[in-house]
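The structure under discussion appears below in the form of structure tokens.
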Amino acid sequence: MTMISVKNLIKKYGDFAAVNDVSFDVKKGEIFGFLGPNGAGKTSTINMMIGLLKPNSGRITINEIDVIKQTKKAQEIMGIVADESNLYNEMNGFENLCFCGALYGMKKKEREHKARELLKLFKLTDASTKTFKSYSKGMKRKLTIAAALIHSPKILFLDEPTTGIDVESSRQIRELLLQLKNNGTTIFITTHYIEEAERLCDRIAFIVQGKIVASGTISELMDKITQNHNVHIITNKDVQDYITDFQKCFKESKVSLKKPNKLVIETEKRIPLLPILKFFQEKEIEVYEAKEIHPSLEEVFIKLTGIETSVLQKEKGGF
Amino acid sequence: MKSLIAFHNILKKDINNYYLKPPNISWGIIFPLSWTLMQLFRSVDSNILELLPGLISTSILFGTTSMLAVTITFERSGRSFERLLLAPISLNTLMLAKITGTILFGIFNAFVPIIFASFFINLSDINWIIVILAVFLIAITSSLTGLLVAVSAQQVFEAQTISNFFRFPMLFLCGLFIPVSSLPEFLKPISYCLPLTYGADILKGAINNNNFLPYKLCLIMLLIFTIGLFTISKYIIEKKQNR
Ligand SMILES: Nc1ncnc2c1ncn2[C@@H]1O[C@H](COP(=O)(O)OP(=O)(O)OP(=O)(O)O)[C@@H](O)[C@H]1O
Ligand SMILES: [Mg+2]
């Protein structure tokens, strides 16, 4: 079932199209990731989806509610985590959560109960009576996410939730997001961490300069760039002298030597390993390792977008 | 019901976070008080009653406009205001919740000079119902003026600068210190465009019986200002979302 549907979305700032004809669907209960470098249009897209920014054209529906026409109705089922921790500095953790619950019309008992539950879940119970301004960056981000969950939203939007915070908090956040997904929450997340997208997302869209360059599951994205299968083989001794022989036996493959005892066999179709192993056995060569190697998501990203991944990590600090 | 919960909690949060903070409470008391004392010393022989409408209006005007610069512009620059815009409550409810705190603060401000004056003079001849109505309406229109500035400005500093730019001229053009009839001809139209002119006139009528416009006209004008300022502020907030 489709939970989010975005069609031909365009956002212009003056003449500059920050989001340029973007379309995608998010299914119920999946984590969908928007991966792209600084200025790609991630925040602009998310802000239009949550009803904070009006698009120039395009359609957005969330759980079959038109976000542009029925913004308030759509917002009832959304949990929103902005790219900055934007709670109230003067209030403590518990008060902040309860206030956010009240904004969604939750009754006092109900919101206080849920607030306690969330503080526990996010390991912030000890900090619940401290003011928000005294929190560390990671704690602030966790409380901001907790605040977005107070009214048990069907869909959670997160704009770069782990950017600029400590490793442990990032890990906790990722774990919690997976937990939420397992409980049926649909999650839309933007990130510029490839690793994060790979670990969390069921499907990913690469966005560059306001356009989606590619999208799909990780294996679908990988299929887009891999035409050939690569098997790499590690042996106990130098196999340089056997290469020509090998090539004669396996005509459909292209063999290249990476090290004296390491070779890569490239084939169009998948090939069985046994004949290869037998070939080496006959020559009294031991094979220690034989496995098909897949490209990393990083390589896929580079190939499909033409952008070096170092650009992604720039300015915001890595993991 | 849900809107009511949200309204109540936004108001409660603003009161606890801003209005009840010591610096703001003391500003709310000290400013009207020192303004009152200043006026008293300046004109020892003049009648305190004559000064009262001006003192009340000034206290409300300064109290409300300075507070909204904080409660809205500050939250906008810290981006927590976004939270309110993203909540499933109508913009009307949100704006009402934000200005209700300010209106209450303005009314509180108004009573500082009144209570102070009550130590010196007999206030029993005053038409209190009309005074309270006027105080309420001045508080509303001043809050809405502050709201307009707050949503237009980007930073607290900017909001305060803009506030001062119109607050002081407003005081001198509204007929409180210089009667509108004695103003130079070219300033008179401006005077009639200020909500404070009408609010102050009602106060003058209720306290000193020397209003120069009928109450009804003033009430209608204040109502028009209320609706007008509210609509313009709402329009600006909505327009900012279309950037
Ligand atoms: N209010 C605005 N006015 C003008 N240009 C804007 C505005 N907001 C964003 N832009 C521009 O639109 C483009 C997309 O911005 P956006 O914030 O959506 O990118 P992003 O993918 O979220 O980037 P980041 O990773 O830095 O958060 C950028 O080039 C940005 O400079
Ligand atoms: Mg962004």
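Throughout, protein chains are lettered first and strands after them, A, B, ... in sequence-line order, and every chain is numbered starting at 1. Note that these values count all heavy atoms, side chains included, but never hydrogens, waters or copies made by symmetry.
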Over 12 foreign heavy atoms within 6.0 Å of CZ, Phe108(B): yes
Atom CZ of Phe136(B) with >12 non-hydrogen neighbours under 6.0 angstrom: no
Donor-acceptor under 3.5 Å (Lys2(B) side chain, Ala102(A) main chain): no
Interatomic spacing from CD in Glu95(A) to CG in Asn17(B) - rounded to 0.5 Å: 8.0 Å
Toward chain A, the part of Ile10(B) with a non-hydrogen atom under 4.5 Å: both
Backbone of Asn86(A) reached by a side-chain donor or acceptor of Arg83(B) within 3.5 Å: yes
Greater than 12 external heavy atoms within 6.0 Å of Gln209(A)'s CD: no
Distance, nearest 0.5 Å, that separates CD1 of Ile5(B) from CG of Leu103(A): 11.0 Å
Whether over 12 other heavy atoms sit under 6.0 Å from Lys181(A) NZ: yes
Residue pair Ile50(A) / Leu86(B): nearest heavy atoms and the distance that separates them: O-CD2, 3.6 Å
Part of Met106(A) within contact of chain B (heavy atom distance under 4.5 Å): backbone
Value rounded to 0.5 Å, distance of OH in Tyr88(A) from CG in Asn16(B): 13.0 Å
When Leu94(B), Leu85(B), Leu4(B) are compared by non-hydrogen pairs under 4.5 Å with chain A, the top option: Leu85(B)
Lys21(B) atom NZ: more than 12 heavy-atom contacts under 6.0 Å: yes
Value rounded to 0.5 Å, distance of CE in Met91(A) from OG in Ser80(B): 9.0 Å
Rounded distance (nearest 0.5 Å) linking atom SG of Cys98(A) with atom NZ of Lys13(B): 14.5 Å
Interatomic distance, Ile89(B) atom CD1 to Lys72(A) atom NZ [nearest 0.5 angstrom]: 6.5 Å
Engaged part of Phe99(A) at the chain B interface, taking heavy atoms whose separation is under 4.5 Å: side chain
